[in-house]
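Here the structure comes first, spelled out in structure tokens, and everything after it is commentary.
What you see below is based on every heavy atom in this structure, not just the backbone, and it leaves out hydrogens, waters and symmetry mates. Residue numbering restarts at 1 for every chain, and letters A, B, ... go by the order of the sequence lines.
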Amino acid sequence: MFKLASWNVNSLTIRLEHVLTWLETMDIDVLALQETKMIDEKFPLATFAERGYHVVYSGQKTYNGVAVISRHPITDVMTDIPDFSDPQRRILAVTVGGVRLVNLYVPNGASVGSDKYEYKLNWLDKIKSFLDQQLITYPELAVVGDFNIAPDDRDVHDPVEWEGSVLVSPLERQAFSNLLELGLHDSYRLFTQEEGAFSWWDYRAAGFRRNRGLRIDLILLSHQLHKKCTGSHIDKIPRKWERPSDHAPVWVDLQLS
DNA sequence: ATGGTGGTCTTACCA
């Protein structure tokens, strides 16, 4: 069994012990991180290396930042996509275990109609073109990360309250749908799941205790790869730990040949 | 109850 995971850690400095504990207890093969919030010079390379992990990272000060932690060697690393110059560190594409992995920290978008919202939609359009190219080269493709989009109302604790808001707005959902139309599957919906399953809960107003959450952390799989997927999960347990990330880790089980 | 919490070279900003 090959376990591929994704986790928005909201600062790897604060969450390093959580990440190490979770990797070991869950026996994760590959973990994509978002919001590491650290420059590359500060990445805890030795901490992972001495535990036998391979790591790649693309970070910046204070904001954003993506990384991949792996039990297997990592090759063909990309931190930027063609024809899109962006100082924000949100993309990390790698090859590991024969799988092409694209790790994304999709922009939040702030509020519908804002400059950040326009940036988000444009960013998603650029990503779509990139993934279209990647699928040609790499039929076994996984696109994972914090999408900052709840794909449909099942992924929202209160769809009426959230209607039209950023993270659920029609244009964002259309942009997400456009990614699926390239030939990708939302792995979580390949299996029967309980209702009210989310991956992010606002720190404010006791969001987690009241399960006021959204499912925005996703693992998308190409046709070739989804045939090898035997499970897709959200682990809420780390959200209950002391000083948690506001996101839960998610993972898929893959039967790689 | 139009707030609340959490992270960051913080006193503003992002989420």
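- The aromatic rings of A:F43 and A:Y57 sit parallel, their planes meeting at an angle under 30°, below the 60° perpendicular limit.
- Look at A:R243 and you won't find any side-chain N or O under 4.0 angstrom from OP1 or OP2 of B:dT5.
- Side chain of A:K42, nearest nucleotide from B:dC9, B:dA15, B:dG6: B:dC9.
- In this structure, A:W7 has its ring center at least 6.0 angstrom away from the ring center of A:H247.
- Distance OH (A:Y119) to P (B:dA15): 9 Å, rounded to an integer number of Å.
- Atom P of nucleotide B:dC14 and atom OH of A:Y117 are separated by 18 Å, given to the nearest angstrom.
- One interatomic measurement links the two molecules: NZ of A:K37 to C1' of B:dC14, which rounds to 7 Å at whole-angstrom precision.
- Residue A:R204 has its side chain nearest to B:dG4 when only B:dG4, B:dG7, B:dC9 are considered.
- Residue A:P244 is the one, among A:P244 and A:N148, whose nearest nucleotide of DNA chain B lies closer to the 5' end (criterion: closest heavy atom).
- Across every non-hydrogen atom of A:W22 and A:P238, the tightest pair is CD1-CG, 3.6 Å.
- As judged by a 4.0 angstrom heavy-atom cut-off over every strand, A:R15 is placed among residues touching the sugar-phosphate backbone only.
- To the nearest whole angstrom, the two C1' atoms, one in B:dC14 and one in B:dG4, are 16 Å apart.
- Rounded to whole Å, the distance from CG on A:N10 to C1' on B:dT8 is 10 Å.
- Using a 4.0 Å heavy-atom criterion, one finds that A:F208 contacts no nucleic acid atom at all.
- For B:dG3, there is no paired nucleotide, since no Watson-Crick or G-U wobble pair has both relevant distances below 3.5 Å.
- Positionally, the nearest nucleotide of DNA chain B for A:T62 lies more toward the 5' end than for the other of A:E35 and A:T62.
- Rounded to whole Å, atom C1' of B:dT8 lies 17 Å from atom CG of A:L16.
- Between A:D202 atom CG and B:dA15 atom P the separation is 13 Å, expressed in whole Å.
- The separation of B:dG7 from B:dG3, taken at their P atoms, amounts to 23 Å, rounded to a whole angstrom.
- Nearest heavy-atom pair across A:L23 and A:R71 is O-NH2, 4.4 Å.
- Nucleotide B:dG4 holds its P atom 18 Å from the CG atom of A:D246, rounded to whole Å.
- Using a 4.0 Å cut-off between charged side-chain N and carboxylate O, A:K61 and A:D40 make no salt bridge.
- Nucleotides B:dT5 and B:dC9 are separated by 22 Å at their P atoms, to the nearest Å.
- Comparing the same atom, C1', in B:dT10 and in B:dA15 gives a spacing of 15 Å after rounding to whole Å.
- Taking only side-chain nitrogens and oxygens, A:K61 never comes nearer than 4.0 Å to OP1 or OP2 of B:dC9.
- Ion pairing between a basic and an acidic side chain is recognised when a charged N comes within 4.0 Å of a carboxylate O; A:R100 and A:E140 show no such pairing.
- Both distances falling under 3.5 Å, in either a Watson-Crick or a G-U wobble arrangement, place B:dA12 opposite B:dT8.
- In this structure, A:W162 places its CH2 atom 13 Å from P of B:dA15, rounding to the nearest Å.
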